[in-house]
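Keep in mind that the numbers below use all heavy atoms, side chains included, and drop hydrogens, waters and symmetry copies. What you see is a predicted model; the values in this text were computed from it and never measured.
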Amino acid sequence: MDIKAKLDLIEKGTLEMINTEELEEKLKKEKAVAYTGYEPSGKIHLGHTITVMKLKQMQDLGFKIKILLADYHAYLNGKGTIEEIEETAKYNEKCFKALGLSDDTDFVLGSTFQTKPEYTDEVYKLATLTTIVRAKRSMDQVSRHSEHPKVANVIYPLMQVADMSSLEVDVALGGMEQRKIQVLARENLPKIDKEAPVCIHTPLLHGLDGDEKMSSSKGNFIAIDDEESEIKTKINKSFCPMKEIEGNPIIEIATHFVFPNQAKLLIERPEKFGGNLELSEKELIETYSSGELHPMDLKNAIATFLIDYLAKVRDYMTNN
RNA sequence: CCCGCCUUAGCUCAAUUUGGCAGAGCGUUGGACUGUAGAUCCAAAUGUUGCUGGUUCAAGUCCGGCAGGCGGGACCA
């Protein structure tokens, strides 16, 4: 596959790449490193899965994949004691493997390197380069909002920037909520004589309740190891306004999971409502916006799809 | 180190001057209405009132101690 084709593949489904020219250079490298950091989370859900799938795709294209299990970051973000978080990290590692990343994937626990002298030295250097306002702003979409924000909130982004240098990352992949931290890295790493990675941002999934963001703290997600019945119930309870595409979580699941995976979505429908349909992405959008496709039929189709799509994951989770 | 204020349901907060059955909104759950969800309407559930000792027939409320949070002051050779 030529480089142009690889670039197109990587760009597919992303919101932005900063920037494409640099990524092209990275693609000429032998084993360029792509990384994503995740705060250990009680459940790995479809939102996480968007980035994991992108990592998997890049792995297939020859990238070395490093996943940071960001235990200290979670700790700084008030997600629990470091012991609890490390338990969760183990579970998350299993989830990521279940999603199909190969054995060549490096899983790195943050605390294994984030206290080393070279690392803290870089954090301190970054601390002298970053204003408090800038650091706080970079955390707007990432940190828990507290009436009593902690110093931890401004250490967090500095560490994330230092991670990229310590893990020798060529490409940093993350959801759009990471953008401000990533840009901070692009800006400040060169100032401490480190190379800034290419930054790639993927879209955020709306919560099943229609909330801005699917998030484990809000319970508005499909977890990758949810039971079949749970998937059905959750999809059925989901926000899904008739004819509306924008901000519709069920349509988003179709866009981000069905169609990258298969050309058509089978909609099983009783005869009295028009009988079965097989729709391409474009057709789905048209049919749904026109009102010809009822939300309930779409929901049933999506639930069926997800149950099948996540079957391998459930198997892996129970057998490993 | 000193002083003041705060801590009540998952969340935001009520519970007056003067101690008298711990409440509301939001959220959650369930029903009604929709061939989904939401919106709307109806209904329900939920408490170690931060912890602890005391006063009292009776304490969220008064007194003491402790913890956590917030603000201020002091110290600055």
Could you write out each protein N or O paired with an N or O of nucleotides 33-43 of chain B at a distance under 3.5 Å?
unit_1: B:G35; atom_1: O6; unit_2: A:Asp297; atom_2: OD2; d: 3.4
unit_1: B:G35; atom_1: N1; unit_2: A:Asp297; atom_2: OD1; d: 3.4
unit_1: B:G35; atom_1: N1; unit_2: A:Asp297; atom_2: OD2; d: 2.7
unit_1: B:G35; atom_1: N2; unit_2: A:Asp297; atom_2: OD1; d: 2.7
unit_1: B:U36; atom_1: O2'; unit_2: A:Asn236; atom_2: O; d: 3.0
unit_1: B:U36; atom_1: O2'; unit_2: A:Asn236; atom_2: OD1; d: 2.9
unit_1: B:U36; atom_1: O2'; unit_2: A:Lys299; atom_2: NZ; d: 3.1
unit_1: B:U36; atom_1: O2; unit_2: A:Lys299; atom_2: NZ; d: 2.7
unit_1: B:U36; atom_1: N3; unit_2: A:Cys240; atom_2: O; d: 2.6
unit_1: B:U36; atom_1: O4; unit_2: A:Cys240; atom_2: O; d: 3.3
unit_1: B:U36; atom_1: O4; unit_2: A:Met242; atom_2: N; d: 3.3
unit_1: B:A37; atom_1: O4'; unit_2: A:Ser238; atom_2: O; d: 3.2
unit_1: B:A37; atom_1: O4'; unit_2: A:Lys299; atom_2: NZ; d: 3.0
unit_1: B:A37; atom_1: O2'; unit_2: A:Lys237; atom_2: O; d: 3.0
unit_1: B:A37; atom_1: O2'; unit_2: A:Ser238; atom_2: O; d: 2.8
unit_1: B:A37; atom_1: O2'; unit_2: A:Phe239; atom_2: N; d: 3.1
unit_1: B:A37; atom_1: N3; unit_2: A:Cys240; atom_2: N; d: 3.2

B:C1 - base-pair partner by Watson-Crick or wobble geometry, distances under 3.5 Å
B:G73
Between B:G20 and B:G10, how far apart are the two P atoms, rounded to whole Å?
24 Å
For A:Leu279 and A:Leu293: C-alpha separation, side-chain torsions, deciding distance, then whether side-chain contact (heavy atoms from CB on, under 4.5 Å) applies.
CA-CA 11 Å; A:Leu279 303 175; A:Leu293 176 58; 4.2 Å; yes
Please verify the inter-ring angle class for A:Phe107 with A:Phe96; under 30° counts as parallel, over 60° as perpendicular, anything in between as tilted.
parallel
Rounded P spacing from B:G30 to B:G50 in Å:
31 Å
Can you check the distance between B:U46 and B:G53, where both ends of the measurement are the C1' atom (answer in whole Å)?
30 Å
Counting only Watson-Crick or G-U wobble pairs whose two distances fall under 3.5 Å, which nucleotide matches B:U7?
B:A67
With P as the reference atom in both, quote the distance from B:G27 to B:C70 in angstrom, rounded to an integer.
30 Å
Trace of the side-chain contact (heavy atoms from CB on, under 4.5 Å) decision for A:Glu93 with A:Leu109:
CA-CA 10 Å; A:Glu93 179 171 340; A:Leu109 194 63; over 6 Å; no
Pairwise P distance, B:U40 and B:C26 [rounded to whole Å]:
9 Å
Polar contact flag, side-chain donor to acceptor under 3.5 angstrom, A:Glu268-A:Thr304:
no
Rounded distance in Å between the P positions of B:C13 and B:U52:
25 Å
Does A:Lys191 have more than 12 heavy atoms from other residues, nucleotides or ligands lying within 6.0 Å of its NZ?
yes
Which nucleotide, if any, forms a Watson-Crick or G-U wobble pair with B:C33, using both distances under 3.5 Å?
none
For B:A74 and B:G19, measure between their C1' atoms and round to the nearest Å.
38 Å
Pairing partner of B:U49, by Watson-Crick or G-U wobble and under 3.5 Å for both distances, is none
Where the side chain of A:Ser102 meets the backbone of A:Asp104, is there a donor-acceptor pair that is under 3.5 Å apart?
yes
d(A:Ser138 OG, A:Glu177 CD) to nearest 0.5 Å is 12.0 Å
In whole Å, what separates the C1' atom of B:C6 from that of B:U49?
14 Å
